[in-house]
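Single-structure report; data block below.
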Amino acid sequence: MEQLKQWWDGLAARERRTLSIGGMALAVILFYFMIYQPIHDRTADLEREARNQQELSGFLAQATEELRSRGISPMPTGESRNGNGRGSDQALFALADQTARQAGLGRVLRRVEPSGQGGARVSFEQIAFDDLVRWLAALREQHGVSASVVTARRSELEGRVDVQLVLEAGS
């Protein structure tokens with residue numbers, strides 16, 4: 001530190017003034033580019049995002065009112081957005097179990113479990129092939145659910161199969 005003071009004292013008054021002004025200018029430039037500008041840019045980005053969100057909210061409110069005025073009930077919160085009519089509270093595996101039992105397939109239904117992201121793995125033993133096809137068609141038409149993987153083996157009984165399915169919504 002002593003060497004720096006000696007160096008400073010050894011400078012002419014004009015050189016000291018030039019270095020002082022240059023140092024202050026450098027400090028202002030560093031403050032602007034390292035502190036003020038990033039904060040200002042981030043604030044502007046957040047304000048822009050808030051305006052976009054407000055515009056989107058206004059648009060959605062207007063669209064909801066327009067749907068209501070036309071007698072169309074807007075989708076309630078939590079209802080599935082994939083068009084299959086299932087609410088998010090009813091998982092695909094629950095839908096598969098429920099519809100299989102409603103179709104009279106409960107006695108041949110062996111297992112229904114979740115699979116992957118929102119999918120369902122379903123196993124039937126000795127299901128009549130025609131009943132299986134009807135059930136899959138009803139799932140597709142009424143709920144937008146289809147089988148992405150089907151593994152079937154002929155059963156000992158004529159016209160019956162053992163099947164493992166992977167069901168997915170909107171496939």
Transitive ILVMFWY cluster of V149 at side-chain heavy atoms under 4.5 Å: who else is in it? V166
Expected list for residues 46-55: side-chain donor-acceptor pairs under 3.5 angstrom, two or more places apart:
{"from": "R48", "atom 1": "NH1", "to": "D45", "atom 2": "OD1", "distance (Å)": "2.9"}
{"from": "E49", "atom 1": "OE2", "to": "Q53", "atom 2": "NE2", "distance (Å)": "3.0"}

Tell me, which pairs form a salt bridge (charged side-chain N to carboxylate O under 4.0 Å, His left out) where one or both residues lie in residues 111-129, sequence neighbours left out? R110-E125, E113-R121
From L167 CG over to L139 CG, what is the distance, rounded to the nearest 0.5 angstrom? 6.0 Å
Mind checking who shares a hydrophobic cluster with L157, ILVMFWY linked at side-chain heavy-atom distances under 4.5 Å? none
The criterion is side chain to side chain contact (heavy atoms under 4.5 Å, CB included); which residues satisfy it with A103, sequence neighbours excluded? L105, W135
V133: what forms a side chain to side chain contact (heavy atoms under 4.5 Å, CB included) with it, not counting sequence neighbours? F129
Contacts of A128 meeting side chain to side chain contact (heavy atoms under 4.5 Å, CB included) (sequence neighbours excluded), chain-then-number -> D131, R160
I want to check something: taking the side chain as every heavy atom from C-beta on, are Q164 and V122 in contact at a cut-off of under 4.5 Å? no
If you look only at distance, which donor and acceptor atoms sit under 3.5 Å apart when one is on a side chain in residues 20-35 and the other is two or more places apart or in another chain?
{"from": "S20", "atom 1": "OG", "to": "R16", "atom 2": "O", "distance (Å)": "2.9"}
{"from": "Y32", "atom 1": "OH", "to": "Q37", "atom 2": "OE1", "distance (Å)": "2.6"}

Given 3.5 Å as the limit, does a donor-acceptor pair link the side chain of E141 with the main chain of A138, or not? no
Is there any salt bridge (charged side-chain N to carboxylate O under 4.0 Å, His left out) pair reaching into residues 145-159, and which pairs are they, with sequence neighbours excluded? none
Does a side-chain heavy-atom distance below 4.5 Å link W8 with L19? yes
Return the set of residues passing salt bridge (charged side-chain N to carboxylate O under 4.0 Å, His left out) with D130 (not counting sequence neighbours), or none when no residue passes. none
Residues passing the salt bridge (charged side-chain N to carboxylate O under 4.0 Å, His left out) test with R101, sequence neighbours excluded, are D97
Contact check, side chains of L132 and F124, non-hydrogen atoms, under 4.5 Å: yes
Inter- and intrachain pairs under salt bridge (charged side-chain N to carboxylate O under 4.0 Å, His left out), touching residues 21-41, at least two apart: none
